[in-house]
Amino acid sequence: MNFDLDTDQLDAAAGAEQFFSGQASPAQARAALEEGPVAPGRRALADIGFTGITVAESAGGAGGSLLDLAVVAEQAGRVLAGPSLVTAARAAVLLADHPELAQALADGSRAFAVVDGDRPALDAVGADTFLALVDGDLVVGGGAVVTGQPMDATRGLGVVTPTDTRVLTPDAGALWARARDVALVALAAEDLGTAGRAVEVGVAYAKERHAFGRPIGSYQAVKHSLVDAWVGVEQLRSLVWWAAWAADRAPEELPLAAASVAAFAAETLERAAETCIQVHGGIGFTWEHDAHLYWRRAKVDRLVLGDAAGHHDVVAGLVLAGALS
C-alpha cells in the first residue's frame with residue numbers, strides 16, 4: 001500500500017507553507033504572550049479555506065480528507081500559528097449532520113471551541129459558539145470563559161462554562177469519540193511541524209556556533225542529540241500520515257492510530273524543543289530567542305487533549321483487546 005502524499009496534497013502543503021510563513025511567525029507568538037493578536041487569526045484561516053478543509057462541499061467546505069488537513073496543519077505548526085486547525089477538524093466531525101453550523105465553521109461566521117468538561121478548552125479565547133457533551137448528548141450554545149496567564153497564547157486556552165445550550169445530537173457518545181480521535185491526529189500534525197522546525201533551528205545553530213575552533217555540531221554530544229530528535233520527527237511523520245489515512249480509509253484503526261500518534265507526538269515535540277534549547281546554551285533560555293516558544297508549545301500540547309500516559313493506556317487496552325489481531 002502506498003502511503004505517499006499525492007500531488008494535490010504536496011501542492012496544498014507548499015501553498016500552506018507560503019501562506020503561514022507570510023502570516024505568522026514565532027515572533028508573533030512571542031508578542032501574543034504580551035497580549036498581542038494571535039496570527040494569522042480566525043478570519044484569515046477561514047478566508048483561505050483552511051477551517052473548511054474537512055467540511056462537506058454541500059455545507060460550503062472543501063470536502064477534503066483528514067490527511068488533506070494534516071499536511072496544512074503541519075505547516076501551521078512550523079510557525080506556531082493560531083488558532084489551531086485542531087478545533088476546525090474536531091468541529092467538522094461534530095457538525096457533519098448540521099449543515100448550517102458546518103457552513104458557519106467553514107466561512108468563519110462563527111468562532112467555535114469544543115469543551116471537554118472542566119479541562120481548559122483549545123481556542124476558547126475569542127470563541128462565541130461552544131460544543132460540549134452533556135449527559136451523552138452533543139449540545140451547542142454560548143459560554144463564559146475564564147483564562148489565566150498563558151504558557152502558549154496561540155492555543156487560546158480557557159475554562160468554559162457553557163450557557164444557553166440546546167441539544168444538537170442525542171446519544172452522541174460514539175460521534176464525540178470519533179471527533180476527539182480526529183482532533184488528536186490534527187494536533188499531532190501540528191506538533192510534527194513544530195518539532196521539525198525546532199530541530200532545524202538547532203541544526204542551523206550547531207553549524208554556525210564554534211567552540212574551541214570547531215562547529216559545536218561536530219561534537220558527539222551535540223550531533224547525537226540532534227540526530228535522535230530528527231529520527232523522532234521522521235517516525236512521527238509516518239504515524240501522522242497513517243493515523244490521518246485511517247480516519248477516512250480504515251475507521252476501525254483510528255482509535256489505536258489516534259492514541260498512538262498522540263502519545264508519540266507529545267514525547268517527540270518535547271524532546272525536540274528541549275534539544276533545541278540545550279544546543280543553544282545560554283541564549284536558548286532568553287526571551288528574545290525562539291527556542292522557548294517551541295518548548296512552550298510542547299508543554300501545552302502534551303496535556304491539551306490528555307497526557308501521554310493516558311494515550312499509552314488507551315493503546316495498551318486496545319492491543320490487549322485484540323486491535324492488532
Side-chain angles (χ1 to χ4, degrees), residues 16 20 24 29 38 45 50-51 53-54 65-94 112-116 119-124 131 150-157 176-198 232-233 235-247 254-273 293-312 314-315:
F20 282 113
V38 172
L45 291 175
F50 289 163
T51 56
I53 290 175
T54 56
S65 67
L66 184 57
L67 185 54
D68 295 331
L69 184 141
V71 300
V72 173
E74 179 186 356
Q75 301 306 319
R78 286 180 60 83
V79 293
L80 305 173
S84 173
L85 291 176
V86 175
T87 297
R90 192 177 186 185
V93 175
L94 295 173
F112 286 89
V114 183
V115 181
D116 292 290
R119 181 185 293 274
L122 196 63
D123 300 324
L131 299 165
M151 180 171 284
D152 178 356
T154 67
R155 284 319 201 192
L157 294 176
W176 186 264
R178 173 176 168 78
R180 188 175 183 278
D181 285 342
V182 165
L184 290 174
V185 179
L187 182 66
E190 288 192 342
D191 287 350
L192 170 63
T194 306
R197 182 57 187 155
V233 169
Q235 291 173 327
L236 176 58
R237 187 181 309 282
S238 296
L239 269 176
V240 168
W241 295 164
W242 167 53
W245 171 87
L254 178 59
L256 177 62
S260 300
V261 76
F264 195 71
E267 296 163 352
T268 299
L269 176 52
E270 188 169 55
R271 180 169 60 249
L293 300 169
Y294 304 118
W295 181 87
R296 287 171 180 271
R297 175 62 66 89
K299 292 300 182 181
V300 169
D301 282 10
R302 71 172 293 119
L303 297 174
V304 71
L305 290 174
D307 62 15
H311 299 315
H312 281 301
V314 172
V315 171

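Residue numbers count from 1 along this sequence.
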Heavy-atom closest pair (Leu303 atom, Arg119 atom, distance to 0.1 Å) is O-NH1, 2.9 Å

Heavy-atom distance under 4.5 Å between the side chains of Leu131 and Val115, does that happen here? no

Measure across Ser84 and Glu190 and return the closest heavy-atom pair with its distance rounded to 0.1 Å. OG-OE1, 3.1 Å

Quick check for you: to the nearest 0.5 Å, what is the distance between Leu187 atom CG and Arg180 atom CZ? 10.0 Å

Side chains of residues 87-94: which donor-acceptor pairs under 3.5 Å do they make with residues two or more places apart or in other chains?
{"residue": "Thr87", "atom": "OG1", "partner": "Asp123", "partner atom": "OD2", "Å": "2.5"}
{"residue": "Arg90", "atom": "NH1", "partner": "Asp116", "partner atom": "OD2", "Å": "2.8"}
{"residue": "Arg90", "atom": "NH2", "partner": "Asp116", "partner atom": "OD1", "Å": "2.7"}
{"residue": "Arg90", "atom": "NH2", "partner": "Asp116", "partner atom": "OD2", "Å": "3.3"}

Going from CG on Leu236 to CG on Leu269, what distance comes out if it is rounded to the nearest 0.5 angstrom? 8.5 Å

Show the numbers, then the answer: is there a side-chain contact (heavy atoms from CB on, under 4.5 Å) between Val86 and Leu305? CA-CA 10 Å; Val86 175; Leu305 290 174; 4.2 Å; yes

Reported CZ-to-CG distance for the pair Phe50 and Leu45, which is rounded to 0.5 angstrom: 7.5 Å

For the atom pair CG (Asp191) and CZ (Arg302), what is the distance rounded to the nearest 0.5 Å? 10.5 Å

Taking Arg78 for its side chain and Gly193 for its backbone only, find out whether a donor-acceptor pair lies under 3.5 Å. no

Decide side-chain contact (heavy atoms from CB on, under 4.5 Å) for Val185 and Leu69; before the verdict, give the C-alpha distance in whole Å, the side-chain angles of both, and the deciding distance to 0.1 Å. CA-CA 10 Å; Val185 179; Leu69 184 141; over 6 Å; no

Under the rule for side chain to side chain contact (heavy atoms under 4.5 Å, CB included), what residues qualify as partners of Ala262, not counting sequence neighbours? Leu184, His311

From the list Thr268, Val261, Leu239, Val233, side chain to side chain contact (heavy atoms under 4.5 Å, CB included) with Leu192 holds only for Val233

Taking Tyr294's backbone N and O only, do any of them form a donor-acceptor pair with Thr194's side chain (distance below 3.5 Å, no angle check)? no

Compare every heavy atom of Val38 with every heavy atom of Pro83, then report the nearest pair and how far apart it is. N-CG1, 4.0 Å

Could you go step by step and tell me if Phe264 and Gln235 meet the side-chain contact (heavy atoms from CB on, under 4.5 Å) rule? CA-CA 9 Å; Phe264 195 71; Gln235 291 173 327; 3.4 Å; yes

Looking only at the side chains, is there a donor atom on one of Asp68 and Ser65 sitting less than 3.5 Å from an acceptor on the other? yes

Heavy-atom pair of closest approach, residues Ala29 and Thr154: CB-CG2, 3.8 Å

Return the CH2 to CG distance between Trp176 and Asp181, rounded to the nearest 0.5 Å. 12.5 Å

What one should report as the nearest heavy-atom pair of Gly232 and Arg271 is CA-NH2, 3.6 Å

Taking atom CG of Leu122 and atom CG of Leu157, what is their separation to the nearest 0.5 Å? 6.0 Å

Measure across Ala247 and Leu66 and return the closest heavy-atom pair with its distance rounded to 0.1 Å. CB-CD2, 3.5 Å

Between Leu80 and Arg197, is any pair of side-chain heavy atoms under 4.5 Å apart? no

